[in-house]
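This report concerns only the one structure given below.
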Amino acid sequence: MSENSEFGFGAATGVGSMPGGDVRETAKTVTGSFDDFPHLPELPARGPGADMIGRTAGMLVDLYARVEPSGWRIGDRPGRDTRRARSWLGEDLDALEEYTQGYEGPLKVQAVGPWTLAAALELRNGEAALSDPGASRDLAGSLAEGLRVHLDEVRRRVPGARVVLQLDEPSLIAVLRGQVKSASGYRTHRAVDRQLVESTLRDVVGVHADGPVVVHSCAPDVPFELLRRAGAAGISFDLSLLTERDDDAIGEAVEGGTRLLAGVVPGTDGPLSDPAGSVMGVRTLWRRLGLRPGLLARAVTVTPSCGLAGASPEYARRALAHCVRAARSLADNPE
């Protein structure tokens, strides 16, 4: 296993978003559910600035964004939307700090990665920043600086934490395949060269030199090899979207020390199977790959399949607890 894999990820954690708008109650729920790998909750139901794009836009350095009818657009100066995003993030950190007093161990924080951000943020002409290579480069640089500041703040507030940074990249495959639509909706932006995608990700991953970075995507066809080359120590994905053509890349990732954050618990309300049933797909994958069962607990963290913003608060609480029980089942009975 690689050096980063020995960092000590927890057995189970959340993806990021949670339902509702009660910051303190949500922080209490998350830290109470995951006593060995909590995460900073996101509450997008509060409105613009609490959504994943606005939240990360508020972290940018020397770049600002405001809400337009079409979405978030880069502007000249910080306005009320930027201030609101920063204020909500501050409240979230206050609550996290309150409920992690004395905590020592891994702690995950999330931000949107450079390519999903470039696909979502608009330039002044209304087109995605993705349409302009210079704008995409500036955006990635601003994000990297903002993440440095954010990570320093998290470490200051929770000094015993070993911080794990998660970059959310749900649009990454669309960027690689040229499937991001233009403002008109009648065409798509050209595909970005894979080497440029990889090098930009590597630069942003590199801001967290003293801790691991996880890249999360709950879209199909996660590019495992590209993400590993970019420096990701962990890859977070929806297990139900894997196909057998992903097997080789996953097997190489595990053998190379990459942590798998396997999304096995549904992200929206519905019946939950027994914990052993929830991780049956992980065990099946392991057998198919011919990997040692004893490696499971060292290589896999159990998560919901994606964020829980669309779930009811009651289901979200049950889903988090279910992840913990499913992880325990995996560790106790790996075969």
Are the side chain of Ser17 and the backbone of Leu308 linked by a donor-acceptor contact shorter than 3.5 Å?
-> yes
For residues Val163 and His208, determine if any side-chain heavy atom of one lies less than 4.5 Å from a side-chain heavy atom of the other.
-> yes
Are side-chain heavy atoms of Leu151 and Val109 found at a separation under 4.5 Å?
-> yes
Start with the C-alpha gap between Val61 and Arg148, add the side-chain angles, then the distance that decides, and say whether side chain to side chain contact (heavy atoms under 4.5 Å, CB included) holds.
-> CA-CA 10 Å; Val61 172; Arg148 283 192 185 94; over 6 Å; no
Within the side chain of Gln166, is there an N or O that forms a donor-acceptor pair under 3.5 Å with the backbone of Val15?
-> yes
Quick one: are Ile173 and Ser217 in side-chain contact, heavy atoms under 4.5 Å?
-> no
Is Arg157 salt-bridged to Asp94, cutoff N-O under 4.0 Å?
-> yes
Do NZ/NE/NH1/NH2 and the carboxylate oxygens of Arg318 and Glu314 come within less than 4.0 Å?
-> yes
Any side-chain heavy atom of Leu201 sitting closer than 4.5 Å to one from Leu226?
-> yes
Backbone of Ala27 reached by a side-chain donor or acceptor of Thr31 within 3.5 Å | yes
Across all chains, not counting sequence neighbours, the salt bridge (Lys or Arg N to Asp or Glu O under 4.0 Å) partners of Asp76 are Arg124
Please answer whether the main-chain N or O of Val300 pairs with a side-chain N or O of Arg259 as donor and acceptor at a distance below 3.5 Å.
-> yes
CG/Asp62: more than 12 non-hydrogen atoms of other groups inside 6.0 Å | no
Under the salt bridge (charged side-chain N to carboxylate O under 4.0 Å, His left out) rule, what do Arg325 and Asp274 come out as? Steps first, then yes or no, please.
-> CA-CA 9 Å; Arg325 288 195 293 271; Asp274 65 289; over 6 Å; no
Would you check if the side chain of Ser199 reaches a backbone N or O of Leu196 as a donor-acceptor pair within less than 3.5 Å?
-> yes
Carboxylate-amine/guanidinium contact Glu225 Arg228, below 4.0 Å | no
Side chains of Ser278 and His322: closer than 4.5 Å at any heavy-atom pair?
-> yes
Flag the pair Trp286 / Val254 as yes when at least one side-chain heavy-atom distance between them is below 4.5 Å, and no otherwise.
-> yes
Less than 4.0 Å between a side-chain N and a carboxylate O, is that true for Asp168 and Arg55?
-> no
Spell out, as yes or no, whether a donor-acceptor pair under 3.5 Å connects the side chain of Gln179 to the backbone of Thr188.
-> no
Residues Ile250, Ile235; criterion side chain to side chain contact (heavy atoms under 4.5 Å, CB included); working and verdict = CA-CA 10 Å; Ile250 293 173; Ile235 300 172; over 6 Å; no
Under the side chain to side chain contact (heavy atoms under 4.5 Å, CB included) rule, what do Leu43 and Trp88 come out as? Steps first, then yes or no, please.
-> CA-CA 9 Å; Leu43 298 174; Trp88 273 329; over 6 Å; no
Less than 4.5 Å apart, any side-chain heavy atom of Val214 and any of Thr301?
-> no
Would you confirm whether Lys28, through its side chain, and Ala95, through its main-chain N or O, come within 3.5 Å as a donor-acceptor pair?
-> no
Can you tell me how far CD1 of Ile53 sits from OG1 of Thr116, rounded to the nearest 0.5 angstrom?
-> 7.0 Å
In terms of ring plane angle, is the pair Phe37 and Phe9 parallel, tilted or perpendicular, where the classes change at 30° and 60°?
-> perpendicular
Close side-chain approach of Asp152 and Arg155, heavy atoms under 4.5 Å = yes
